[in-house]
Trainee: 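Just passing along the structure, written as structure tokens.
The first residue of the sequence shown is numbered 1, and numbering continues consecutively from there.
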Amino acid sequence: MKKFLHQIRTPKGNSSLGKQILATFFVLLLGIILGIISKYIDTTAVNELPAWFETLGLNDIFDRFCVWILLAAAISIYSRTPVRAAINTFLFFAAMVASYYIYCKYVAGFFPRSYAMIWVGFTLVSPFLAVLCWYAKGKGLLAFLLSSGIFAVLFNMTFYYGLNYFDIGYPIEAVFVLLAVFMLHKSVKQTGAMIAVGLVIAAILNVIMPFQI
């Protein structure tokens with residue numbers, strides 16, 4: 001199995017332990033900052049935020065799951081090894097969830113325990129999903145299917161569609177889908193095939209789970 005996974009994607013060149021720790025520190029810091037910012041936006045009246053926040057749909061963008069999936073995928077894909085991807089992604093979500101709910105309890109004055117448990121659960125499984133995302137950037141059929149699956153999930157989180165309609169709830173999320181394509185890009189031919197297969201997977205998922213997060 002180890003040899004098979006090595007053939008799918010080879011870990012990047014060696015990096016000093018200091019650089020790896022520094023990268024993990026910045027991921028941890030990013031999680032803390034985004035957790036505080038997202039809760040601050042949640043508890044601030046729309047008319048107190050800059051006008052361009054509402055124009056771009058940023059006033060409630062952190063309530064959407066799409067942005068967190070994109071960030072997790074980016075952290076995983078650009079990590080040096082699958083182990084680093086698992087560690088970095090876990091620490092990012094742990095920091096984000098901790099700072100969000102600490103702000104929630106001690107600044108906003110309430111603590112939604114049931115909702116917090118959902119995010120704790122997602123944080124616990126995030127390392128396993130991170131490893132899959134890391135291998136999606138590799139070679140071969142498995143990597144191709146993983147990258148197509150990531151595209152499909154983000155596509156379904158962004159667009160509302162059916163037999164006779166197609167719509168988008170938050171236009172900025174279309175940018176997230178394009179960023180995901182850029183991150184997963186290998187060649188024009190492979191990327192086109194990934195999008196095509198991803199759309200098929202998205203349509204199947206839309207039938208099985210016809211809802212958005």
Trainee: Check the orientation of W119 and Y115. Use parallel for under 30°, tilted for 30 to 60°, and perpendicular for over 60°.
Mentor: perpendicular
Trainee: Looking at every non-hydrogen atom in both residues, tell me the closest pair between S126 and F90 and how far apart they are.
Mentor: OG-CA, 3.6 Å
Trainee: Establish whether V188 and M183 are linked, either directly or via other cluster members, by ILVMFWY side-chain heavy-atom contacts under 4.5 Å.
Mentor: no
Trainee: Report yes if the distance between the aromatic ring centroids of F62 and Y100 is under 6.0 Å, otherwise no.
Mentor: no
Trainee: Apply side-chain contact (heavy atoms from CB on, under 4.5 Å) to A116 and list each qualifying residue two or more places apart in sequence or on a separate chain.
Mentor: Y101, F111
Trainee: Could you give all pairs that pass the side-chain hydrogen bond (donor to acceptor under 3.5 Å, both in side chains) test and reach residues 181-197, with sequence neighbours left out?
Mentor: H185-T191, S187-Q190
Trainee: Heavy-atom count around F110 CZ within 6.0 Å, excluding the residue itself: above 12?
Mentor: yes
Trainee: For T123 versus A94, what's the shortest heavy-atom pair and its separation?
Mentor: CG2-N, 3.7 Å
Trainee: Given F93 and L124, is the side-chain contact (heavy atoms from CB on, under 4.5 Å) satisfied, shown in steps?
Mentor: CA-CA 9 Å; F93 278 111; L124 293 176; over 6 Å; no
Trainee: To check you understand the geometry: which heavy-atom pair defines the closest contact between N206 and N156, and what is its length?
Mentor: N-ND2, 3.6 Å
Trainee: Can you tell me if F128 has over 12 outside heavy atoms packed within less than 6.0 Å of its CZ?
Mentor: no
Trainee: Side chain of D167, backbone of Y160: donor and acceptor closer than 3.5 Å?
Mentor: no
Trainee: Can you name the nearest heavy-atom pair linking R84 to I21, along with the distance?
Mentor: NH2-N, 4.4 Å
Trainee: Okay, side chain of K137, backbone of Y78: is any donor-acceptor separation there less than 3.5 Å?
Mentor: no
Trainee: With clusters defined by side-chain heavy atoms of hydrophobic residues (ILVMFWY) lying less than 4.5 Å apart, directly or transitively, does L178 cluster with V153?
Mentor: no
Trainee: Does the plane of the ring in F166 sit parallel, tilted or perpendicular to the ring in F155? Use 30° and 60° as the thresholds.
Mentor: tilted
Trainee: What residues, two or more places apart in sequence or in another chain, satisfy ring pair (Phe, Tyr, Trp, His ring centres under 6.0 Å) together with F182?
Mentor: none
Trainee: Is any side-chain heavy atom of F176 closer than 4.5 Å to one of M157?
Mentor: no
Trainee: Between I32 and S99, which heavy-atom pair has the shortest distance, and what is it?
Mentor: O-OG, 3.1 Å
Trainee: Starting from the C-alpha separation in whole Å, work towards a yes-or-no answer on side-chain contact (heavy atoms from CB on, under 4.5 Å) for T158 and Y170.
Mentor: CA-CA 7 Å; T158 302; Y170 292 78; over 6 Å; no
Trainee: Taking all non-hydrogen atoms of both residues, which atom of E173 and which atom of R64 are closest, and how far apart?
Mentor: OE2-NE, 2.9 Å
Trainee: Applying side-chain contact (heavy atoms from CB on, under 4.5 Å) to F122 and F65, what does each step give before you reach the verdict?
Mentor: CA-CA 11 Å; F122 183 77; F65 211 49; 3.6 Å; yes
Trainee: If Ile, Leu, Val, Met, Phe, Trp and Tyr residues are connected whenever their side-chain heavy atoms lie under 4.5 Å apart, and connections chain through other members, are I102 and I36 in the same group?
Mentor: no
Trainee: Quickly, which of I195, V197, I201 forms a side-chain contact (heavy atoms from CB on, under 4.5 Å) with L199? Name it, please.
Mentor: I195
Trainee: For T89 and S76: C-alpha separation, side-chain torsions, deciding distance, then whether side chain to side chain donor-acceptor pair (under 3.5 Å) applies.
Mentor: CA-CA 6 Å; T89 305; S76 303; 3.0 Å; yes
Trainee: Kindly say whether Q20 contributes a backbone atom to a donor-acceptor pair with the side chain of R80 at under 3.5 angstrom?
Mentor: no
Trainee: For the OH atom on Y103, are there more than 12 heavy atoms of other groups (residues, nucleotides or ligands in this structure) within a distance under 6.0 Å?
Mentor: yes
